[in-house]
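A short worksheet on the structure shown next.
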Amino acid sequence: MEMVASAPARMGLREIGDWAARVERIGFDVIHISETIHDPFTIAAMALSRTTRLTVRTSMALAFPRSPMITAYAAWDLATYSEGRFQLGIASQVRGNIVGRFSSPWSEPVSRLRDYIESLRAIFHSFQTGETLSHAGKFYRFDRLQPYFNPGPIDHSIPQIWMGGVNKKMCVLAGELSDGFVCHPTNSHPLILMTRTLPSIAEGARGSLRGTPGPAVVANPQPMMTATRDALDALREPRRSELAFLYSTPAYRRQLEYFGFGEVGEALSDMARRSEWGDLAKHLTDEVMNRVVPQGTYEEMPAVLTEWYSGLCTGLSLPVPADADDDDHLSELVERCKVIPTSSEPVPF
């Protein structure tokens, strides 16, 4: 099982290097860099600069506010600099953020992201081979790349393209076009994986030229785990607030509906529409938390994660505490989780 550590969203340029080096010492295989308040490619560069073994993957960079060419240059630079340790994760985000926060076009997100990925592959091909750039899609057209603007081939692997998503059509697209798929925290429960996410990814893989079993799949359950039971209890309230915010987004609350907590999701969405952010956590009861979040001490968590994810995915994303006091325990947990049986070996695109 590939073990993934997600960089804290608010971690900036001064902190990410030391954090990445620490994560590498602990034994993780991959670092995920999100896009929230920082440019993910800049943060990824700093993480790569302080590591020698880890893969660094954006999870997820937002596609639509950027031209595919801009994204391709950033990914190519980082793959070259890191000698192949960079992977490009891209996603659509929800309409409200793309339109309201980035003032970018939003329409037909699945079709647009398909065209975006096909554009990236065409650009990467031209970078690597020097052949004429030619892509004409519904949303993007690329037919000009003079030698002066072509960075040329790299000696290491071309950046893999990963996707993230929640709903069926995005999962089908990932199965068809992506090298890997990172589950959102709200579709990472094993029952959701088995009944919705993985069948949709498999459907896309069957409809593509790649055949089955399709892309790698990283589950992102955001488990609650600490060294002691007392510390675990203290972690519950911050995690409750984080999850309540996520589930307030209508597109993300289907996991709640699956488990019979649809009214909780509706209440959270109503409060979000009224900007009542401070009171969201009140609606996410312990019953809900215990149903959707794996939890336990570092000693217990490998068994918990084995029960939840054995044979279902190729990677697991786990949180890393801010302090390093329990890094020895965390390192042991990571090594024990690496032997969790994975799903079938993914087929590269």
Side-chain angles (χ1 to χ4, degrees), residues 4 6-13 16 30-48 55-79 86-124 135 137-140 142 159-167 169-174 177-188 215 218 220 222 242 245-246 248-252 272 317:
V4 182
S6 294
R10 305 195 73 83
M11 184 169 284
L13 295 178
I16 187 63
V30 179
I31 288 176
H32 276 174
I33 306 295
S34 64
E35 178 161 22
T36 52
I37 63 170
H38 299 295
D39 175 73
F41 299 109
T42 306
I43 299 295
M46 298 300 291
L48 288 165
T55 295
V56 175
R57 179 186 301 142
T58 52
S59 182
M60 293 286 161
L62 303 188
F64 301 156
R66 297 180 174 90
S67 162
M69 183 64 75
I70 297 296
T71 300
Y73 278 130
W76 207 254
D77 278 344
L78 291 172
F86 175 76
Q87 295 176 353
L88 174 63
I90 56 172
S92 61
Q93 248 293 355
V94 296
R95 182 186 186 281
N97 276 321
I98 297 302
V99 175
R101 186 155 63 99
F102 290 97
S103 190
S104 294
W106 172 273
S107 65
E108 303 176 62
V110 177
S111 296
R112 187 183 290 269
L113 192 59
R114 172 189 294 279
D115 196 2
Y116 199 102
I117 292 172
E118 290 173 344
S119 298
L120 286 171
R121 295 205 185 278
I123 294 167
F124 286 167
H135 172 80
K138 183 176 181 179
F139 301 95
Y140 303 101
F142 295 94
Q160 289 188 5
I161 298 175
W162 285 58
M163 278 181 59
V166 175
N167 296 327
K169 290 182 180 180
M170 279 296 182
C171 294
V172 171
L173 179 64
L177 289 186
S178 74
D179 294 296
F181 181 82
V182 180
C183 298
H184 193 269
T186 61
N187 71 337
S188 285
V218 172
N220 183 22
Q222 296 191 344
E242 293 169 8
F245 174 75
L246 287 177
S248 70
T249 301
Y252 296 159
S317 178

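With sequence neighbours left out, His184 forms a side chain to side chain contact (heavy atoms under 4.5 Å, CB included) with Val166, Thr186, Asn187, Leu246, Tyr252. Judged as a side chain to side chain contact (heavy atoms under 4.5 Å, CB included), and not counting sequence neighbours, the contacts of Met163 are Leu113, Ile117, Met170, Leu173, Ala174, Ser178, Phe181. Remark: Phe142 pairs with no residue by the ring-ring contact (aromatic ring centres under 6.0 Å, His included) rule, at least two apart or across chains. Applying the ring-ring contact (aromatic ring centres under 6.0 Å, His included) test to Phe86 and every residue at least two apart in sequence or in another chain returns nothing. Scanning for side chain to side chain contact (heavy atoms under 4.5 Å, CB included) contacts around Ala79 gives Ile154, Pro159, with sequence neighbours left out. Among residues two or more places apart in sequence or in another chain, the ring-ring contact (aromatic ring centres under 6.0 Å, His included) test is passed with Trp76 by Phe124, Phe127. Under the rule for a side chain to side chain contact (heavy atoms under 4.5 Å, CB included), the partners of Ala122 that lie at least two apart in sequence or sit in another chain are Leu133, His135. In this view, Ser6 and Ser317 satisfy the side-chain hydrogen bond (donor to acceptor under 3.5 Å, both in side chains) rule, not counting sequence neighbours. Listed by chain and residue number, nothing satisfies the ring-ring contact (aromatic ring centres under 6.0 Å, His included) test with Phe102 (two or more places apart in sequence, or in another chain). Annotation: side-chain hydrogen bond (donor to acceptor under 3.5 Å, both in side chains) contacts of Thr71 (sequence neighbours excluded): Tyr116.
Here the CZ-CG distance, from Arg121 to Asp179, works out to 5.0 Å after rounding to the nearest 0.5 Å. Taking CD from Gln93 and CG from Leu62, the interatomic distance works out to 5.5 Å, rounded to the nearest 0.5 Å. Remark: Ile37 CD1 to Met11 CE distance equals 11.0 Å, nearest 0.5 Å. For the atom pair CG of Leu48 and CD1 of Ile33, the computed distance is 8.0 Å after rounding to the nearest 0.5 Å. Separation of atoms CE (Met60) and CH2 (Trp162) is listed at 8.0 Å; rounding is to 0.5 Å. Note that OG1 of Thr58 is 12.5 Å distant from CD1 of Ile43, once rounded to the nearest 0.5 Å.
Val56 and Ala47 make their closest contact through CG2-CB, 4.2 Å (heavy atoms, listed as atom of the first residue, atom of the second, distance). A pairwise comparison of heavy atoms in Pro105 and Ile98 identifies O-CG2, 3.6 Å as the closest pair. Among all heavy-atom pairs drawn from His32 and Val218, the shortest one is CE1-CG1, 4.2 Å. Closest approach of Ser119 to Pro68, counting heavy atoms only: CB-CB, 3.9 Å. What you find for Leu88 and Ala75 is that their closest heavy atoms are CD2-CB, 4.2 Å. The shortest non-hydrogen separation linking Asp115 to Tyr140 is OD2-N, 2.9 Å.
For the salt bridge (charged side-chain N to carboxylate O under 4.0 Å, His left out) condition, the pairs that include at least one residue of residues 57-71, sequence neighbours left out, are Glu2-Arg57, Glu35-Arg66, Asp39-Arg66. Legend: salt bridge (charged side-chain N to carboxylate O under 4.0 Å, His left out) pairs involving residues 94-110, not counting sequence neighbours, sorted by first then second residue: Glu108-Lys138.
Within a 6.0 Å sphere centred on CZ of Phe245, heavy atoms belonging to other residues, nucleotides or ligands number 12 at most.
Arg10 and Thr36 form no side-chain donor-acceptor contact under 3.5 Å, judged by distance and modelled atom types alone.
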